[in-house]
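Indexing begins at 1, ligand by ligand and atom by atom, following the structure's order.
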Amino acid sequence: MKGKAVLAFSGGLDTSVVIKYLQEKHNLEVITVTVDVGQEDNLKKISAKAKSLGVLKHYNIDARQEFVDSFIFPAIKANALYQKKYCLATALARPLIAQKVVEVAEKENASALAHGCTGKGNDQVRFDVTYRSGSNLPIIAPIRDLNLTRDVELKYAQKHNIPIDTTAKRFSIDQNLWGRAIEGGDMEDAFSEPPDDAFIWVKTKNLPENPQYLEIKFENGIPVAVDGKRMKSIELIKYINKKAGANGVGIVDHIEDRVVGIKSREVYETPGATCIIEAHTDLEKMVLTKHELKFKAMVDAEWSWLAYSGLWQDPLKSDLDMFINATQKRVSGTVKLVQLSIRLLEKDSLSYGDFNQQKLINY
Ligand code: ARG
């Protein structure tokens with residue numbers, strides 16, 4: 001009997017190539033796993049694609065609630081912003097996805113774990129670390145290990161009848177309930193301004209004239225109600241994503257230090273995360289002592305670094321969680337945020353660098 005490999009499958013080019021590669025080169029049956037973390041992809045289509053590529057079995061796992069409870073909520077309590085900016089949307093989801101792959105591998109008695117990450121990003125580290133901490137099975141990562149370029153992958157796809165999405169991809173996008181990351185393409189040049197149509201959650205034009213308010217109620221560090229309405233957690237985050245996004249809030253544009261030592265320009269739209277973390281940080285200022293606040297700022301930064309690196313199993317992570325949870329017992333209350341529409345001055349006549357400076361001066 002052939003061995004089985006379990007692969008985290010997104011439906012994109014990389015992971016589709018990996019299916020064929022595992023079948024052809026490793027002579028393995030492939031079981032694919034797609035984890036729903038609120039990315040709003042068409043899961044039926046992804047499952048049909050996996051099946052058309054000859055997988056033995058495909059799993060769609062709805063992990064949205066677990067994503068919120070076990071990853072987003074701890075991040076809120078830690079005011080988690082990597083390098084003071086990035087709310088860790090992709091970083092928080094990867095260990096959960098990898099964990100689900102390990103669970104399926106155990107259940108299916110598999111002989112290998114696989115992923116389709118490249119050798120340049122953080123995700124390879126997050127997958128490897130989580131796979132390794134939950135299983136002793138060999139890890140197969142062909143895109144990274146063979147250093148496959150997009151062109152080589154496209155040729156391989158053609159040869160193996162892998163359906164290719166021909167719409168030109170200007171950026172690489174990763175999306176889940178906590179945020180949307182847009183990277184690559186023209187935006188690799190840190191001086192180039194992201195085009196308006198790169199954003200789908202945050203409105204960049206014709207913003208409301210009047211100040212908009214958003215009230216977030218927290219209990220023990222966790223958001224439980226918005227604008228006076230108690231909501232379930234997934235619904236609450238979606239509500240803030242929508243409302244803050246419609247008010248132009250939540251674009252983050254910064255230079256990020258990747259785990260592997262590369263600096264990269266990263267653009268995100270994270271309206272919900274931006275508002276919730278801002279409100280949570282402010283509420284802590286009301287209820288924690290100045291000594292707690294000073295110390296917690298260091299703990300929060302360290303927590304964010306560990307989460308960015310996928311080090312959820314490091315004992316330091318749970319040590320920090322214990323301290324953070326102890327502080328959250330008093331973090332209950334309501335925070336009111338207000339968004340004033342801001343007119344940007346002569347945006348067209350300025351280069352992006354100048355434009356940033358203008359923003360600093362005029363805000
Ligand atoms: N730099 C971020 C991270 O490592 C986001 C990566 C998003 N990935 C993407 N393909 N756009 O967490």
Side-chain angles (χ1 to χ4, degrees), residues 8-18 34-35 37-41 46 67 71-72 74-75 78 80-99 115-130 141 143-144 148-150 153 165 167-190 192 194-195 197-202 250-274 277 301 303-312 317:
F9 185 61
S10 69
L13 178 65
D14 293 333
T15 51
S16 301
V17 164
V18 176
T34 302
V35 181
V37 282
Q39 62 269 48
E40 288 174 350
D41 277 342
I46 294 176
F67 184 42
F71 293 84
I72 294 178
L81 293 176
Y82 177 65
Q83 297 193 309
K84 299 197 173 135
K85 289 276 195 168
Y86 167 40
C87 74
L88 298 166
T90 302
L92 296 176
R94 294 305 192 238
L96 175 58
I97 297 169
Q99 199 179 304
H115 64 71
C117 306
T118 70
K120 286 192 178 161
N122 300 310
D123 287 339
Q124 52 167 338
V125 179
R126 297 167 185 151
F127 270 99
D128 282 356
V129 167
T130 312
I143 308 290
R144 173 188 63 200
L148 298 183
T149 61
R150 195 174 156 80
E153 286 186 53
D165 178 1
T167 48
K169 290 217 166 52
R170 286 188 300 157
F171 313 113
S172 160
I173 309 278
D174 184 66
Q175 185 175 319
N176 63 46
L177 186 62
W178 201 228
R180 191 166 175 271
I182 312 152
E183 62 180 21
D186 291 346
M187 282 194 294
E188 267 178 22
D189 173 0
S192 76
D197 67 352
F199 302 110
I200 61 171
W201 291 3
V202 180
I251 292 179
V252 173
D253 184 340
H254 83 141
I255 302 297
E256 197 168 292
D257 282 293
R258 292 188 182 169
V259 184
V260 291
I262 295 172
K263 278 191 189 290
S264 75
R265 195 274 186 93
E266 300 281 334
V267 176
Y268 301 100
E269 38 184 347
T270 59
T274 299
I277 292 173
W303 192 101
S304 303
W305 168 252
L306 290 172
Y308 186 75
S309 312
L311 296 173
W312 284 72
K317 170 81 176 33

Q: Treating Arg170 as the side-chain partner and Gly185 as the backbone partner, does any N or O pair qualify as donor plus acceptor under 3.5 Å?
A: no

Q: Please determine if Ser172 has a nitrogen or oxygen closer than 3.5 Å to a nitrogen or oxygen of ligand 1.
A: yes

Q: Is it true that Thr90 and Asp174 share a donor-acceptor pair across their side chains at a distance under 3.5 Å?
A: yes

Q: For ligand 1, is there an atom lying under 4.0 Å from some heavy atom of Ala91?
A: yes

Q: Taking the side chain as C-beta and beyond, is there a heavy-atom pair between Arg265 and Asp253 under 4.5 Å?
A: yes

Q: Check whether any side-chain heavy atom of Gln175 sits under 4.5 Å from a side-chain heavy atom of Ile200, and report yes or no.
A: yes

Q: Identify which of Arg258, Arg126, Glu183, Arg94 has a heavy atom lying nearest to atom 3 (C) of ligand 1.
A: Arg126

Q: Can you tell me if Arg265 has a non-hydrogen atom under 4.0 Å from ligand 1?
A: no

Q: Which of the atoms in ligand 1, numbered in the order shown and given with their element, are less than 4.0 Å from a heavy-atom of Asn122?
A: 3 (C), 4 (O)

Q: For atom 1 (N) of ligand 1, grab the closest protein heavy atom and report residue, atom and distance to one decimal in Å.
A: Glu256 OE2, 2.9 Å

Q: For Glu266 and Tyr82, does a side-chain donor sit closer than 3.5 Å to a side-chain acceptor?
A: no

Q: Which residue and atom name correspond to the protein heavy atom nearest atom 12 (O) of ligand 1, and how close is it?
A: Tyr86 OH, 2.6 Å

Q: Counting only heavy atoms, tell me which of Phe171, Tyr308, Tyr268, Tyr82 gets closest to atom 2 (C) of ligand 1.
A: Tyr268

Q: If you take all heavy atoms of Gly179 and Thr270, which pair is closest and at what distance?
A: CA-CG2, 3.9 Å

Q: Measure from the ring center of Phe71 to the ring center of Trp312 and say whether it is less than 6.0 Å.
A: yes

Q: Under 3.5 Å between any N/O of Thr90 and any N/O of ligand 1: does that happen in this structure?
A: no

Q: List every atom of ligand 1 that sits less than 4.0 Å from any heavy atom of Ala181, numbering the atoms from 1 in the order shown and giving each element.
A: 5 (C), 7 (C), 11 (N)

